[in-house]
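Here the structure is laid out as structure tokens; the discussion comes afterwards.
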Amino acid sequence: MATDTLKSTPGASGASGGLRRLLLDNGALTALIILVIAMSALSGDFLTTDNLLNIGVQAAVTAILAFGVTFVIVSAGIDLSVGSVAALSATVLAWSATSEGVPVWIAVILAIATGIACGLVNGVLISYGKLPPFIATLAMLSVGRGLSLVISQGSPIAFPESVSHLGDTLGGWLPVPVLVMIVMGLITALILGRTYIGRSMYAIGGNEEAARLSGLRVKKQKLVIYALSGLFAAAAGIVLASRLSSAQPQAAQGYELDAIAAVVIGGASLAGGTGKASGTLIGALILAVLRNGLNLLSVSAFWQQVVIGVVIALAVLLDTVRRKAGATPVTAGAGGSSGLKGPQAVKYGLAVVLVAAIVGGLSLFNNGSSSSNPKVGLSLSTLNNPFFVQIKEGAQAEAKKLGADLTVTDAQNDASQQANQLQNFTSEGVDSIIVNPVDSDAAGPSVRSANKADIPVVGVDRGVNKAETAALVASDNVEGGKLGAKALAEKLGGKGKIVILQGLAGTSASRERGAGFAEGLKAYPGIDVVAKQPADFDRTKGLDVMTNLLQAHPDVQGVFAENDEMALGAVKALGSKAGKSVQIIGFDGTPDGLKAVKEGTMYASVAQQPKELGRIAVENALRAADDKEVEKTVKVPVKVVTAQNVDEFTG
């Protein structure tokens, strides 16, 4: 049966040829070394102990997920459900331990059992239901995420303190997630290299029909393979939730793609038959180094996605070049140069020393260089929304005016990605941090790390729980919701049927705006809310959800959307009814929203003046960095903007 052990063909000779062969035979390792050297040369903050440990923590969840996916890919399968299974397992643990009062150790077992059960369902659908792995695991991706939202009711659940220690450090410096990653990696290597099921994976991936004819019970082996993937996903979910001190129902979205990328970058083939734990670990480290380094270099969040995609393609291309250059697969148990012997070991050692010398020299060189301008890091929950883009623009204008270097990052509505970005700012040693939390609880641990490093933190638009912030610059979302309810109810004459388009489940903005709107409607018993559905703060989803709701409620008279983007989607769905027979109120006061108000297709928007939020946040962050007094809470007024006052509004 085929494995991923490689044997080089004769050719190059001497030290240079040996080094060339060494690098070609380890494409992912070569890519990682090049990245480390490049990042060390470009940023003096990269090659520090704190930042390297930070990279390890950021790689941990992806690596653990990827170890499980390695089993699947080696056997020529695919698992798209690991991100959702991770979120579901963590949610089950938090819900059972807190809401249901189950002992923590039993809750942990339930979480692990949940992951294994999801994997077994995948295995049954693939082995006995004859579904393609892509379809079966895509279905589980949706089911797992949906169950996570159902159990949590769309809100984060606090994680038990005893389990949250998995996100802490040992001895005050060694991160526990890194230790868990190493242990899971060793288990993966042991299973792949030393067990019957591991050898079966390579056999199935190499030639499934031949494996079946040789006596392997392929269907039962696949059950075990996908169960292992689910087990590792559950472990990753527990580690992730421990880092965030809460189980996020929307956590680990897109992580399945990172996990698959890590496995492929590490040298595995999607056709099956090859792959190893060390390669997967290197692939996960490459992704973590990229994201960390690009943050430190203040690369635009939009360009980061482009760069990461290009580097992934180049890493896989390097592996293709390596194979064409003469490295050929060696079957399991075959002899040859699978180990390091004699001159080869010497060459390998010299290569390691050379790389260490280069990196060390670059580190010393960069430690002496620094900018005289104060450095501020701004982590926004998303830049895929005009409201937050305006916060960024206001912050950038103020930073330029005050002579500060501002680095802006995009968390893409992922609490764990934001935690990584905040840790990067702390490792970089910025003078102050501004955070617009994806979730107020999940941002707490990373902000506490900044507190320990004596870096002042300013919250913008949303607060941070269980951590110290120098100031909170925000509008009152609850009050804005109440104003929206009053405006819509009065426009409808105190009676009528309305629908509510909710924001991204689990976010504090959605919860607070919804709560304020519900509170405001209590004064108008004639208003009947006939439907509430999430549209994730997205215009396209707002269009689709509103179109669907109109099928069941064609006589609706009003719409409250928790942001302008969803309101604009509703305008499109309603067509000629918008602003005439159906009144629509949005939230945020974005340029497109105000334009719709002026045109009459939207009745109103609860405007927050986002540029002012960004400007005041930077001003307070720099004051806090200079140890000057700042107000703990700075409220930027909200205002209901209608066609009557839209020309006066300059937010």
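Atom set for the values below is all heavy atoms of this structure, side chains included, hydrogens, waters and symmetry mates excluded. Computed from a predicted structure; not experimentally measured.
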Run the side-chain hydrogen bond (donor to acceptor under 3.5 Å, both in side chains) test on Thr91 and Ser152 for me, step by step, so that the C-alpha distance in whole Å, both residues' side-chain angles and the decisive distance to 0.1 Å come before the verdict.
CA-CA 7 Å; Thr91 301; Ser152 65; 5.4 Å; no

Going through the checks in order, is the side chain to side chain contact (heavy atoms under 4.5 Å, CB included) test met by Val163 and Ile238?
CA-CA 8 Å; Val163 186; Ile238 293 171; 3.8 Å; yes

For Phe232 and Phe71, what are the C-alpha separation, side-chain angles and deciding distance, and is it a ring-ring contact (aromatic ring centres under 6.0 Å, His included)?
CA-CA 10 Å; Phe232 276 65; Phe71 301 134; 5.4 Å; yes

Would you check if the side chain of Arg462 reaches a backbone N or O of Ser440 as a donor-acceptor pair within less than 3.5 Å?
no

Taking Thr426 for the side chain and Leu422 for the main chain, is one N or O donor matched with an acceptor at less than 3.5 Å?
yes

Point-to-point distance, once rounded to the nearest 0.5 Å, from CG of Leu231 to OG1 of Thr114
11.5 Å

So with a 6.0 Å cut-off around CG of Asn384, is the heavy-atom count from everything else above 12?
no

In short, Pro437 meets Val435 closest at the heavy-atom pair CD-O, 3.4 Å

Going by the side-chain contact (heavy atoms from CB on, under 4.5 Å) test, name the single residue among Leu93, Asp441, Leu244 that passes it with Phe159.
Leu93

Under 3.5 Å, side chain of Tyr255 to main-chain N/O of Val61, donor-acceptor pair present?
no

Check whether any side-chain heavy atom of Leu179 lies under 4.5 Å from a side-chain heavy atom of Pro175, and answer yes or no.
no

For Pro177 against Arg243, the heavy-atom pair lying closest together:
CG-CG, 4.3 Å

Pair Leu110, Ser96 - check side chain to side chain contact (heavy atoms under 4.5 Å, CB included), show working.
CA-CA 8 Å; Leu110 286 174; Ser96 57; 4.2 Å; yes

Heavy-atom closest pair (Phe46 atom, Ser40 atom, distance to 0.1 Å) is CD2-OG, 3.6 Å

Sidechain-backbone polar pair: Ser43 side chain, Met39 backbone, donor-acceptor under 3.5 Å
no

Thr137 and side-chain contact (heavy atoms from CB on, under 4.5 Å): which single residue from Asn122, Val72, Val121 fits?
Asn122

Rounded to the nearest 0.5 Å, what separates atom CD1 in Ile64 from atom CD1 in Ile187?
10.0 Å

Taking all non-hydrogen atoms of both residues, which atom of Ile455 and which atom of Ser432 are closest, and how far apart?
CG2-CA, 3.8 Å

dist Asp405:CG -> Asp431:CG (nearest 0.5 Å) comes out at 9.5 Å

Verify side chain to side chain contact (heavy atoms under 4.5 Å, CB included) between Leu53 and Val57, making sure each step is shown before the conclusion.
CA-CA 6 Å; Leu53 289 173; Val57 172; 5.6 Å; no

Ser229 and Asp79 side chains, donor-acceptor separation under 3.5 Å
yes

Inter-residue atom distance Ser245.OG - His165.NE2, 0.5 Å rounding:
10.0 Å

For the backbone of Ser269 and the side chain of Thr274, can you confirm whether one donor and one acceptor N or O come within less than 3.5 Å of each other?
yes

Please check this pair: side chain of Ser148 against backbone of Gly144, looking for a donor-acceptor N/O pair closer than 3.5 Å.
no

Under a 4.5 Å cut-off applied to non-hydrogen side-chain atoms, are Ile204 and Lys222 in contact?
yes

Could you walk me through whether Ser449 and Gln423 satisfy the side chain to side chain contact (heavy atoms under 4.5 Å, CB included) test, starting with their C-alpha distance in whole Å, then the side-chain angles of each, then the deciding distance to 0.1 Å, before giving a yes or no?
CA-CA 7 Å; Ser449 295; Gln423 287 293 153; 3.1 Å; yes

I need the minimum non-hydrogen distance between Ala277 and Ala189, along with the two atoms involved.
CB-N, 3.7 Å

Flag side-chain contact, heavy atom, 4.5 Å: Asp414 against Val438:
no

Taken to the nearest 0.5 Å, the spacing of Glu428 CD from Thr407 OG1 works out to 5.5 Å

Met201 side chain reached by Ile225 side chain, heavy atoms, under 4.5 Å:
yes

So Leu380 and Asp410, do their side chains get closer than 4.5 Å, heavy atoms only?
no

Stepwise, does the side-chain hydrogen bond (donor to acceptor under 3.5 Å, both in side chains) test hold for Gln421 with Gln418?
CA-CA 5 Å; Gln421 293 167 354; Gln418 184 166 64; 5.3 Å; no

Are the side chain of Arg291 and the backbone of Ile55 linked by a donor-acceptor contact shorter than 3.5 Å?
no

Polar contact flag, side-chain donor to acceptor under 3.5 angstrom, Ser381-Asn436
yes

Looking only at heavy atoms, which two atoms of Ala59 and Ala288 are closest? And how far apart?
CB-CB, 3.7 Å

Side-chain donor or acceptor of Ser81 paired with backbone N/O of Met140 under 3.5 Å
no

Can you confirm whether Glu161 is buried at CD, in the sense that more than 12 heavy atoms of other residues, nucleotides or ligands lie under 6.0 Å from that atom?
no

Test item: Asn413 and Gln250 side chains (from C-beta on) under 4.5 Å apart, heavy atoms
no

Are Ile197 and Gln221 close enough that some pair of their side-chain heavy atoms sits under 4.5 Å apart?
yes

Within this structure, what is the CD1-OG distance for the pair Ile157 and Ser99, rounded to the nearest 0.5 Å?
5.5 Å

Can you tell if the side chain of Asn51 reaches within under 4.5 Å of the side chain of Leu296, non-hydrogen atoms only?
yes

Side chains of Thr70 and Thr280, donor plus acceptor under 3.5 Å
yes

Under a 3.5 Å distance rule, please check whether Asp258 uses its side chain to pair with a backbone N or O of Thr62 as donor and acceptor.
no

